[in-house]
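This report refers to the structure that appears directly beneath it.
The model shown is predicted, which means the values in this text are computed figures rather than measured ones. Per chain, numbering begins at 1; letters A, B, ... match sequence-line order.
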Amino acid sequence: MNETKTPGTFDIAAKSGRARTGVLHTSHGPIRTPAFMPVGTAGSVKSLSNPEIEATGADVILGNTYHLWLRPGCNFLRDWGGLRNFSGWNKALLTDSGGFQAWSLSSIRKIDDEGITFRSHLDGAKLRFTSETVLDAQRAIGADIIMALDECTPSDADIPTATRSWERTLSWTRTMAELWHKDPTAHGHAQLLFGIAQGSLHAGLRERSCRELAELDLPGLAIGGLSVGEPEPEMYRIASVCTEVLPEHKPRYVMGVGTPRNLLELIDLGVDMFDCVMPTRNARNGMVFTWNGAFHYKAAKVAKDPRPFDPDCQCLACRSHSRAYLRHLFVSNEILALRMATIHNVHFYQDLMDASRRAIANGTWPEFKRTTLERLERKGEPL
RNA sequence: GUGGCUGUAGCUCAGUUGGUUAGAGCCCUGGAUUGUGAUUCCAGUUGUCGGGGGUUCAAGUCCCCUCAGCCACC
């Protein structure tokens, strides 16, 4: 396991049905899959220090091109030798292209065939996102995995709209892939470019989207445009269509997902990588995830609960504090509550991935998935 | 003792020349949260409007009495 492999190498060690476990190698360490990647939009997994992130077991974290472009700026980061040098994070980094902001910030952007123009939400300045500028930006930020510019299509888009949208995404991806192939190490180390499938909830479009992407010979492929409001079964249906078409030997990344249940279902469909703000955001909003389900730790019912968030968890929060104390801190607006809950949630997500990897490796995946899904229904109350 | 001010939700207060089922913020309770514009958002509970009487079609609002707190002067 200590051998250094070429960045982009994806070794699948074991399978169970469509589920797989393996390792994706990057310029800054291996990513064990299935992997959950905590989100650090502005260069920080909110409220956590680098050692705290590492202690959760995360191999890789995310940054966001749109937000980092605004602050501190791409040239600034280039001068620092990339975000990793600036922030001190020395494991793998992935940057999202800003395509999600085409959806989440739809009120302050315009899309045309060449790209996306944002009006900064900070000062109104115009930012022009094209294949070229987004590749440059991500080279400046210096992530190990960079994402193609895409348009995150709304889940209710009709076929003509969704078609126009994914064709635009595909054309941007083609241009970006061409530029990237010319010099995959322009930043100084190998950066793996991932393309993103779109197509909304239309199976035919998704299938075409995945087939077209597969031809671009990129080191990884992502499924975007999910978890944007569609019903859960729809998400699984579309993810399944995609994983059936995507090449077997490339890592598959479902962007922006999700709940612990979502992760297990998608791993079962052959997905290898995930990212989601849920563990970090919900921690700050008073909710924690446990092996016995999620619950609001700010709720009155835990005011005197002496147990840790999760008796089965070895994170700093669970080793140090009771639910009662952490509720008190939350209710009192103490920052420590947010930090501890974030540490716990990210740690739990990593534990969930670790257990999934082991279950796939040792052949107990179906049983593990079934019993875990049952436990996750319990809302934090051990039986 | 005299004069004045103030009494409205658990807290701090708003209530227009009297006019529908008396409001806000905080607190409290519950819920949401899916490639972060999030210490965010949504919803809900709580009232003898200090008490009594009067005027009026109608009083938190006007009048009288009374109680409590505060201030000033004796």
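For the segment residues 244-274 of chain A, the set of residues with a heavy atom within less than 4.0 Å of an atom of RNA chain B comprises A:Met255, A:Gly256, A:Val257, A:Gly258, A:Thr259, A:Asn262, in numerical order. Non-hydrogen atoms lying under 4.0 Å from RNA chain B are contributed by A:Asp150, A:Cys152, all within residues 133-165 of chain A. The stretch residues 45-64 of chain A touches RNA chain B through A:Lys46, A:Leu62, A:Asn64, each having a heavy atom under 4.0 angstrom from the strand.
Contacts of A:His28 classified as ring pair (Phe, Tyr, Trp, His ring centres under 6.0 Å), with partners at least two apart in sequence or in another chain: A:His189. Residues forming a side chain to side chain contact (heavy atoms under 4.5 Å, CB included) with A:Thr163 (at least two apart in sequence, or on another chain): A:Ile159, A:Trp166, A:Glu167, A:Leu205. A:Thr33 is linked by a side-chain hydrogen bond (donor to acceptor under 3.5 Å, both in side chains) to nothing, counting only residues two or more places apart in sequence or in another chain. Not counting sequence neighbours, the partners of A:Phe348 by the ring pair (Phe, Tyr, Trp, His ring centres under 6.0 Å) test are A:Trp291.
Of the P atoms belonging to B:G47 and B:U6, the separation is 27 Å, rounded to the nearest Å. Comparing B:C67 with B:C27, their P atoms sit 39 Å apart, to the nearest whole Å. Comparing B:U2 with B:C13, their P atoms are spaced 29 Å from each other, to the whole Å.
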Show me the protein contacts with nucleotides 42-45 of chain B, counting only N or O atoms at under 3.5 Å.
none

Nucleotide N/O to protein N/O under 3.5 Å, stretch nucleotides 28-32 of chain B:
| residue | atom | partner | partner atom | Å |
| --- | --- | --- | --- | --- |
| B:U29 | OP1 | A:Arg327 | NH2 | 2.9 |
| B:U29 | OP2 | A:Arg327 | NH2 | 3.4 |
| B:G30 | OP1 | A:Ala300 | N | 3.4 |
| B:G30 | OP2 | A:Ala300 | N | 3.3 |
| B:G31 | OP2 | A:His296 | ND1 | 3.3 |
| B:G31 | O6 | A:Lys298 | NZ | 3.2 |
| B:A32 | N6 | A:Asn285 | O | 3.4 |

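Each side chain to side chain donor-acceptor pair (under 3.5 Å) pair with one or both residues in residues 338-351 of chain A, not counting sequence neighbours, appears once here: A:Glu52-A:Arg339.
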Which donor-acceptor pairs under 3.5 Å do the side chains of residues 219-234 of chain A make with protein atoms, sequence neighbours left out?
| residue | atom | partner | partner atom | Å |
| --- | --- | --- | --- | --- |
| A:Ser227 | OG | A:Gly256 | O | 3.2 |
| A:Glu230 | OE1 | A:Ser227 | N | 3.3 |
| A:Glu230 | OE1 | A:Val228 | N | 2.9 |
| A:Glu230 | OE2 | A:Ser227 | N | 2.6 |
| A:Glu232 | OE2 | A:Tyr236 | OH | 2.7 |
| A:Glu234 | OE1 | A:Arg237 | NE | 3.1 |
| A:Glu234 | OE2 | A:Arg237 | NH2 | 3.0 |

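In terms of position along RNA chain B, the nucleotide closest to A:Glu232 lies nearer the 5' end than the nucleotide closest to the other residue of the pair A:Ile335 and A:Glu232.
Under a 4.5 Å side-chain heavy-atom cut-off, the cluster of Ile, Leu, Val, Met, Phe, Trp and Tyr residues that includes A:Val60 is completed by A:Phe10, A:Ile12, A:Leu24, A:Ile31, A:Met37, A:Val39, A:Leu62, A:Leu94, A:Ile145, A:Met147, A:Leu192, A:Phe194, A:Ile196, A:Tyr253, A:Met255, A:Met273, A:Val277.
Using a 4.0 Å heavy-atom cutoff across all strands shown, A:Gln198 reaches at least one base atom of the nucleic acid.
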